[in-house]
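Take a look at the structure set out below.
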There are 2 protein chains.
Amino acid sequence: MGSGVSWVIRTMPAAVPLSQRILDAAEAVLRRHGLEKTNVVDIARSLGMSHGNIYRHFPSKQALLDAVAVRWLHAVSDPLEGIADDRARPATERLRAWFDALRRAKRRKVRDDPELFQVYHGIVVAMRDVVDEHVNTLLGQVERMVADGVAAGEFSRGLDAAASARAFLQAMSAFHHPALVMQDPPATEEDARAVFGLMLAGLRAGPA
Amino acid sequence: MGSGVSWVIRTMPAAVPLSQRILDAAEAVLRRHGLEKTNVVDIARSLGMSHGNIYRHFPSKQALLDAVAVRWLHAVSDPLEGIADDRARPATERLRAWFDALRRAKRRKVRDDPELFQVYHGIVVAMRDVVDEHVNTLLGQVERMVADGVAAGEFSRGLDAAASARAFLQAMSAFHHPALVMQDPPATEEDARAVFGLMLAGLRAGPA
DNA sequence: AAAATGACAAAAAACATAAAATGTCATTTG
DNA sequence: CAAATGACATTTTATGTTTTTTGTCATTTT
């Protein structure tokens, strides 16, 4: 006869897939021991399984680490989606809130979790495409806000939304690019506001 | 009686000071062998002297390398001085030419001389104050141009020249900050122009 | 038969040791 | 006597060796 426990698991909402639990465990070990001292055996042990089994879910240690970073990137960009697409608010306000949220998220992560930030940064260097996708996600969000702003007459008629979004993100890179966010002392709140203000004035006034 | 050569040297315009010739030699070795494989003995040998003698002119290898980097930074900022202070041209034009020159200088150096760029970049991380001074030099140049532009009515009356200069440089960091200039693929000409255009529009329009 | 194991070869990291570079200084040279 | 040397102690880097970690897979478990 099957045990009670096995029945519970079979009928419950899929429990938590093992691959996710592995990601959680990896993140925990990373946090505790740092990138350098993290190995697959420890991750497996923290789940009470043999390390060989990890490889049934991730093809390599690097793939596992990448997956951690990808999930981490989504934790940054997903909440921004809501701000970008809130058509009820004026584009200017959304843009400001969006950028604020992005900057806060990055800074908080650097401060609270330097170890995980290292993992992320390591992957930034190694895995171009993962980062490209993330940047494209952000770009799309900004572009939508700029387009809305142009349509609503908040920003200059002559603006190319895609190009302006690109310019906006680039100008703001001092405040969100990993290489610069990590630097010490970090850019100040005031600096960010000043740059944002200048960019906003530019969006309003449009091309010379 | 003194030799002819010693007479020539005593009356000629100071010849080239040994400390400068050491810098030249160091730069040459750096270029040839790269930062990692550069050692003081080789530098001395290339000047036909013992390495001990180098230490009569520089207190340490690091100090010598720093001096190379400082000279290198001046090679970047000195020519910009002329552009920044050419009161005959409109501020807008000067700002554009200045930024263009800065960007070109940086990119050329990265491309033509990645080894020396590494030295520089190494020092950026290690020696905060040398870099701070360089940034302040650039900031001062931009500030002067912005102030002139405000005075001439090209830029908005409401602008704080110092704050705007800061914002300008920060917004442009994607195109001149070492950490980002080195990245591959490098930011494009077009991107730089787009950001510059937006900033310029902002300077003209002034604070919202 | 799907999930997990554990023994194993291959790859990578840590370690101890050898070699080279840095920096000092008493001595030499012009 | 200022400029330079070169022998030398100290620190840093390179090299070869051992140990750990990664990744595979035939076998076991549920």
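Each chain gets a letter, A, B and so on, in the order the sequences are listed, and its residues count up from 1.
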**Asked** Could you state the CE-C1' distance from B/M49 to C/dT28, rounded to the nearest angstrom?
**Response** 16 Å

**Item:** Qualifying residue, where the test is side-chain contact (heavy atoms from CB on, under 4.5 Å) with B/V29 and the options are B/V40, B/T38, B/D24
**Value:** B/T38

**Request:** Please state how far atom OH in B/Y55 lies from atom P in D/dG6, giving the value in whole angstrom units.
**Result:** 16 Å

**Item:** Atom-pair distance (CD1 on B/I54; P on C/dC25), nearest Å
**Value:** 18 Å

**Request:** Salt-bridge test for A/K37 and A/D42: reply yes if a basic N is under 4.0 Å from a carboxylate O, no otherwise.
**Result:** no

**Request:** Figure out the NE2/C1' separation between A/H57 and C/dA4, and round it to whole Å.
**Result:** 9 Å

**Request:** May I have the distance from B/R56 (atom CZ) to C/dT29 (atom C1'), rounded to whole angstrom?
**Result:** 13 Å

**Prompt:** When the distance from CD of B/E36 to P of C/dT22 is rounded to whole Å, what number comes out?
**Reply:** 13 Å

**Asked** For the side-chain contact (heavy atoms from CB on, under 4.5 Å) test, which of B/L47, B/I22, B/L18 pairs with B/N53?
**Response** B/L18

**Request:** Would you state whether a donor and an acceptor, one from the side chain of B/H51 and one from the base of D/dG6, lie under 3.5 Å apart?
**Result:** no

**Asked** Want to settle it: does B/D42 or B/P59 sit nearer the 5' end of DNA chain C, counting the closest nucleotide to each?
**Response** B/D42

**Request:** Quick one: label B/L18 by what it contacts on the DNA or RNA (base, sugar-phosphate, nothing), any heavy atom closer than 4.0 Å.
**Result:** sugar-phosphate

**Complete:** Closest to the 5' end of DNA chain C, once A/K37 and A/G48 are matched to their nearest nucleotides, is A/G48

**Prompt:** So, are B/R103 and B/E189 salt-bridged, with charged N and O less than 4.0 Å apart?
**Reply:** yes

**Request:** Select from A/V41 and A/N53 the residue whose nearest nucleotide in DNA chain D is closer to the 5' end of that strand.
**Result:** A/V41

**Request:** Determine: side-chain N/O of B/K61 to OP1/OP2 of D/dT13, distance under 4.0 Å, yes or no.
**Result:** no

